[in-house]
2 protein chains.
Amino acid sequence: MRAALSERSGRRRRSDVPEATVARLPVYLRALHVLADGGSSTVSSEALAAAAGVGSAKLRKDLSYLGSYGTRGVGYDVAELVLHVSAALGLGRRWPVVLVGVGNLGHALAGYGGFDERGFCVVGLFDVDPARVGERVGEQVVRHLDELDDVVHSARASIGVITTPASAAQDVCDRLVAAGITSVLNFAPALLQVPAGVDVRKVDLSNELQILSFHEHRKAARALTGVPA
Amino acid sequence: MRAALSERSGRRRRSDVPEATVARLPVYLRALHVLADGGSSTVSSEALAAAAGVGSAKLRKDLSYLGSYGTRGVGYDVAELVLHVSAALGLGRRWPVVLVGVGNLGHALAGYGGFDERGFCVVGLFDVDPARVGERVGEQVVRHLDELDDVVHSARASIGVITTPASAAQDVCDRLVAAGITSVLNFAPALLQVPAGVDVRKVDLSNELQILSFHEHRKAARALTGVPA
DNA sequence: TTTTGTGAAATGATTCACAGCC
DNA sequence: GGCTGTGAATCATTTCACAAAA
């Protein structure tokens, strides 16, 4: 028996897009920008799908969750589709982002130019190491983590990036959430515990390498077992 | 009409693990190491699942693809399971890795300690910028990209990491593949074209942020539309 | 009694294939 | 004639729920 949600419908609502589709929208958006820069004004699902590295049927179905923005017999208007995909991704505004942990990786990410071009801007860099506090990185000066609340509130930031060692990640995450952050991008190799309503995505270098090594291993085994192709 | 593969069976073979499961094995492995370091010698699927952030049924089914390594009524032997999961991931050996593009991000990754602890070792750093060639980073000296073939062959590397700008990524990828690399981890925001038999995984900061902004946007919309919980 | 391992059911994602529109 | 949008079919993944083992 479940608490009565306002309709336990199996039907998909107009505004909820499958997770798998959401994860591909940024890819489509980037492909669209490339096409626009290349001078295309319209594009077929076939061509856009090729540029994005997916099948055309998948692309069309993905876009259909956002609305019906193509023209049969013609294709999609590139500029128009950029707007619709951007809107779906919430890129009508610029999102302020705070980053905690200004070590090697934090430095690299803070210096990454793509931030501003893609709808985000770094409004605060934080660390606990006194040797790093005060250092200038890009447009920002590294602040002590104690100033997190002030910055998150005054910049109205809701997205935080964690680039600390694993041992500090949960504590930092708790402080981010306490300050009002509701989306976290975690580069630390640690599982983060967060309250409901907070989204976490994780990026982990060694996980990715281990997934590749699984496949390498399998390929090597195949070669030995004598599978020709 | 398809070329006759040696049996077009719908049945899953003993040694092929679903992709979704493969992607979780590194997570389980890390959780197991944490448990081992904490002194646990056995663990139940419930406890390991909690440590890994998944449901216990999913964990058990995932592990069941590797074999039957638990004891009913007891759980899994931590040390033994570490060995089995490591073996499945192909971590019985150390994988040599080459990295191309020693900018901000390349520097950061090259300096990342976790490499060696997790079954990998960097055997070559490459760049085309003469200003960077010769620079010492960690244990390695940055080489010119022209030396790629030599190093890949002599170190028998099969995994390559790309941390160049997007504009160089495809060319670098082609050179990696030509040198014999068959697994690529791509940090450049570009779609890579590779021949069959080569695996590519992509990590993209702005994609991740845009996925988060999608959800932030939706949360904000929900709040306005007056959804209480 | 406790906990695994796993068929079977349920859910989610992808692909097919074509009606409908330009 | 060409291409989108989308039901229906297929395929993949997750969850359920319980028999079997220790």
Side-chain angles (χ1 to χ4, degrees), chain A residues 1-2 5 8-14 16-25 27-28 31-32 35 40-78 80-81 84-85 88 211, chain B residues 1-2 5 7-14 16-25 27-28 32 35 40-78 80-81 84-85 88 211:
Chain A
M1 210 63 59
R2 192 168 301 193
L5 285 180
R8 190 65 195 149
S9 139
R11 194 74 50 224
R12 190 181 290 283
R13 266 163 310 169
R14 165 69 177 70
D16 74 358
V17 179
E19 241 343 270
T21 294
V22 172
R24 283 186 296 266
L25 292 179
V27 177
Y28 301 153
L32 283 167
L35 288 165
S40 310
S41 68
T42 67
V43 66
S44 68
S45 64
E46 197 69 47
L48 180 52
V54 302
S56 65
K58 194 191 273 185
L59 174 93
R60 287 199 301 280
K61 189 160 276 269
D62 282 343
L63 294 183
S64 79
Y65 293 116
L66 309 187
S68 184
Y69 300 126
T71 307
R72 290 165 200 244
V74 177
Y76 302 90
D77 181 274
V78 174
E80 192 192 334
L81 195 51
H84 288 300
V85 175
I211 294 166
Chain B
M1 207 63 59
R2 192 168 303 192
L5 285 178
E7 202 166 275
R8 190 69 194 143
S9 138
R11 193 73 51 226
R12 189 181 292 284
R13 265 163 309 170
R14 166 69 179 74
D16 74 359
V17 180
E19 236 351 86
T21 295
V22 172
R24 283 186 294 266
L25 292 179
V27 177
Y28 300 154
L32 284 166
L35 288 166
S40 310
S41 69
T42 67
V43 66
S44 67
S45 64
E46 196 70 48
L48 179 52
V54 301
S56 65
K58 193 190 275 186
L59 175 96
R60 287 199 302 278
K61 189 159 277 268
D62 282 343
L63 293 183
S64 79
Y65 292 116
L66 309 187
S68 185
Y69 301 125
T71 308
R72 291 166 198 244
V74 177
Y76 301 90
D77 182 275
V78 173
E80 191 192 334
L81 196 50
H84 287 300
V85 175
I211 293 166

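We name chains A, B, ... by the order of the sequence lines, and we start the count at 1 in each one.
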When the distance from [atom1] of [X] to [atom2] of [N] is rounded to whole Å, what number comes out?
| X | N | atom1 | atom2 | result |
| --- | --- | --- | --- | --- |
| B:Arg60 | C:dG7 | CZ | P | 14 Å |
| B:Asp77 | C:dT3 | CG | C1' | 15 Å |
| A:Lys58 | C:dG12 | NZ | P | 17 Å |
| A:Leu48 | D:dC3 | CG | P | 14 Å |
| A:Lys61 | C:dT14 | NZ | C1' | 9 Å |
| A:Glu19 | C:dA13 | CD | P | 8 Å |

N/O (side chain, A:Ser68) to phosphate O (OP1/OP2, D:dG5) under 4.0 Å:
yes
Indicate whether OP1 or OP2 belonging to C:dT4 is found under 4.0 Å from a side-chain N or O atom of B:Ser45.
yes
Given that A:Thr71 and B:Asp62 both sit by DNA chain C, which one's nearest nucleotide is further toward the 5' end?
B:Asp62
Contact nearer the 5' end of DNA chain C, comparing A:Gly73 with A:Pro18:
A:Pro18
[X] side chain, from C-beta outward: closest of [options]:
| X | options | result |
| --- | --- | --- |
| A:Arg72 | C:dT4, D:dG5, C:dA13 | D:dG5 |
| A:Ala20 | C:dT14, D:dT4, D:dT6 | C:dT14 |
| B:Tyr76 | C:dT4, C:dT14, C:dT6 | C:dT4 |

B:Glu80, CD: over 12 other non-hydrogen atoms inside 6.0 angstrom:
yes
Which atom of B:Leu25 lies closest to which atom of B:Ala88, heavy atoms considered:
CD1-CB, 4.4 Å
